[in-house]
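Structure first, then comments.
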Amino acid sequence: MADYVIAIDQGTTSSRAIVFDKSGSIVSTGQLEHEQIFPKAGWVEHDPKEIWNNVREVIGQALSKANLTRHDIASIGITNQRETAVVWDKNTGEPVYNAIVWQDTRTQAIVDRLAKDGGVERFKQKVGLPLATYFSGTKIVWILENVDGAREKAEAGDLLFGTTDCWVLWNLTGGTDGGVHATDVTNASRTLFMDLETLAWDEDILAAFDVPKSMLPKILPSSGVFGEADSHSLLRETPIAGILGDQQAATFGQAAFDTGESKNTYGTGNFLIFNTGEEIVHSKNGLLTTLGYQIGDNKPHYALEGSIAVTGSLVQWLRDNLGIISSAPEIEDLAKTVDDNGGAYFVPAFSGLFAPYWRSDARGALVGLTRYVNKGHIARAALEATAFQTREVLEAVNADAGVDLVELKVDGGMIANNTLMQFQADILGVPVVRPVVAETTALGAAYAAGLAVGFWSDLDDLRKNWQEDSRWEPKMDDAERDRQIRLWKKAVTKTFDWVD
Ligand code: G3P
């Protein structure tokens, strides 16, 4: 049998392919960034063709770096930025519009229109999500209403919708020549259209959104065979055997398979996922109810999720829009030029505020400024924003779960930043723990794909691969922690009601 599994991680800023061995260690990686397109304030787009070309190229990079061919690869896993919506013509393979990214807020008017009858929680009991611009559903409606000819083509059955997992799967399995149009339960649970209990598209909700069912992919388990790479692919005839949205993949990669286990990923945004097992738990504290994973025909696992829109992307913003750093890792050196935030608090409500507030009328604010504040303080306030937002999500998880998390497993790009991780432990008051393989997103997709083809035998096989790398213990005293959190919460209130 082949010795490796490959995972494709189609993320918000880049696409990567990572080859893993049986121990879950990384063998080789390919990575390419794609353009972030900002046509107007609040709009964020990607070019789906660029994404697909990059995916093909990074697969080639990863294979050639380790001198591997398709014969060495047992199966392919796909993980992806969730909610980002692609609509394409199934006869030509051409997208009818750019991908509308999860961060995009253009659909607020559609959200308001749908919320008129029943409020933003109108479908929450069924789908676990409030009406918000974040999810794919309103993005599809925008395309149908604003792209010339899209509605007619969709009604005629010529258009397909998918999140980027689905777009990559369709192209990888042949595109116009028999491509598989499917997604997994975790991605489907981010559309606003999937019934959490039946795991099927809900006809009533589709009618309310006026979206033809023929556009939607088939919903399949996260771990199971979706199809085979087509004859033009470097990986031809290799099964695509696992798909999970990136946050659920990271949870799987952290081996948080059981009820009560959790992880927090520090990427473009932050996403804390808390596994609730086979039970669908509805949050009373601003969390989403979402699918965790489904292995074959087994019962699915559900989760509560605290989604934060802007964390790592605030560092990119300081780099790209203000130019106060020239590369993202420099933020730590700049933050270390000062001892504290100098009284400054930065609330990055660039896409409104997600959990636990769900305020689409919020916009970013930097408050507490005096002549004393310099760019070091601003860098520090930006890092601290990630930790404070995580604190608020953890408070919500603890309140919903009825027990306090005793430690936080972390992963993602920003966990390389020791200053942030120490402040995170300080502001949470519980230890923060990093695993040896921090690429848990890709690893989770590889695990799902490997399980489905017998590369790994069961979840216990995967649990053995998890090893602790570092641990940060809280050092801040309680009074200072309380003061910091009080000031942060006050800063948050300054961001409300900014949309005319
Ligand atoms: O829900 C959005 C999330 O899936 C994006 O993750 O890592 O691409 O920022 P990331």
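The figures here come from the full heavy-atom set of this structure, side chains too, leaving out hydrogens, waters and symmetry mates. Whatever order the structure lists them in is the order used to number ligands and atoms, beginning at 1.
Checked for salt-bridge contact, Asp246 and Arg82 meet the test: a charged N lies under 4.0 Å from a carboxylate O. Ion pairing between a basic and an acidic side chain is recognised when a charged N comes within 4.0 Å of a carboxylate O; Glu261 and Arg463 show no such pairing.
Taking the ring centroids of Trp52 and Trp167, they lie at or beyond the 6.0 Å cut-off. Under the 6.0 Å cut-off for aromatic ring centres, Phe346 and Phe388 do not qualify, their centroids lying 6.0 Å or more apart.
Note on ring orientation: taking the six-membered ring where Trp is involved, the planes of Tyr293 and Phe252 are perpendicular (angle over 60°, cut-offs 30° and 60°).
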Between the protein and ligand 1, are there any N or O atom pairs that come within less than 3.5 Å of each other, and if so, what are their names and distances?
unit_1, atom_1, unit_2, atom_2, d
ligand 1, 1 (O), Arg82, NE, 3.3
ligand 1, 1 (O), Arg82, NH2, 3.0
ligand 1, 1 (O), Glu83, OE1, 2.6
ligand 1, 1 (O), Glu83, OE2, 3.3
ligand 1, 1 (O), Tyr134, OH, 2.7
ligand 1, 4 (O), Arg82, N, 3.1
ligand 1, 4 (O), Arg82, NE, 3.0
ligand 1, 4 (O), Asp246, OD1, 2.5
ligand 1, 4 (O), Asp246, OD2, 3.3
ligand 1, 6 (O), Asp246, OD2, 2.8
ligand 1, 6 (O), Gln247, NE2, 3.4
ligand 1, 7 (O), Asp246, OD2, 3.3
ligand 1, 8 (O), Thr12, N, 3.0
ligand 1, 8 (O), Thr12, OG1, 2.5
ligand 1, 8 (O), Asp246, OD2, 3.3
ligand 1, 9 (O), Thr12, OG1, 3.3
ligand 1, 9 (O), Thr268, N, 3.4
ligand 1, 9 (O), Thr268, OG1, 2.7

In residues 119-129, what donor-acceptor pairs under 3.5 Å come from side-chain atoms, sequence neighbours left out?
unit_1, atom_1, unit_2, atom_2, d
Arg122, NE, Asp117, O, 3.1
Arg122, NH1, Leu114, O, 2.7
Lys126, NZ, Asp202, OD2, 2.8

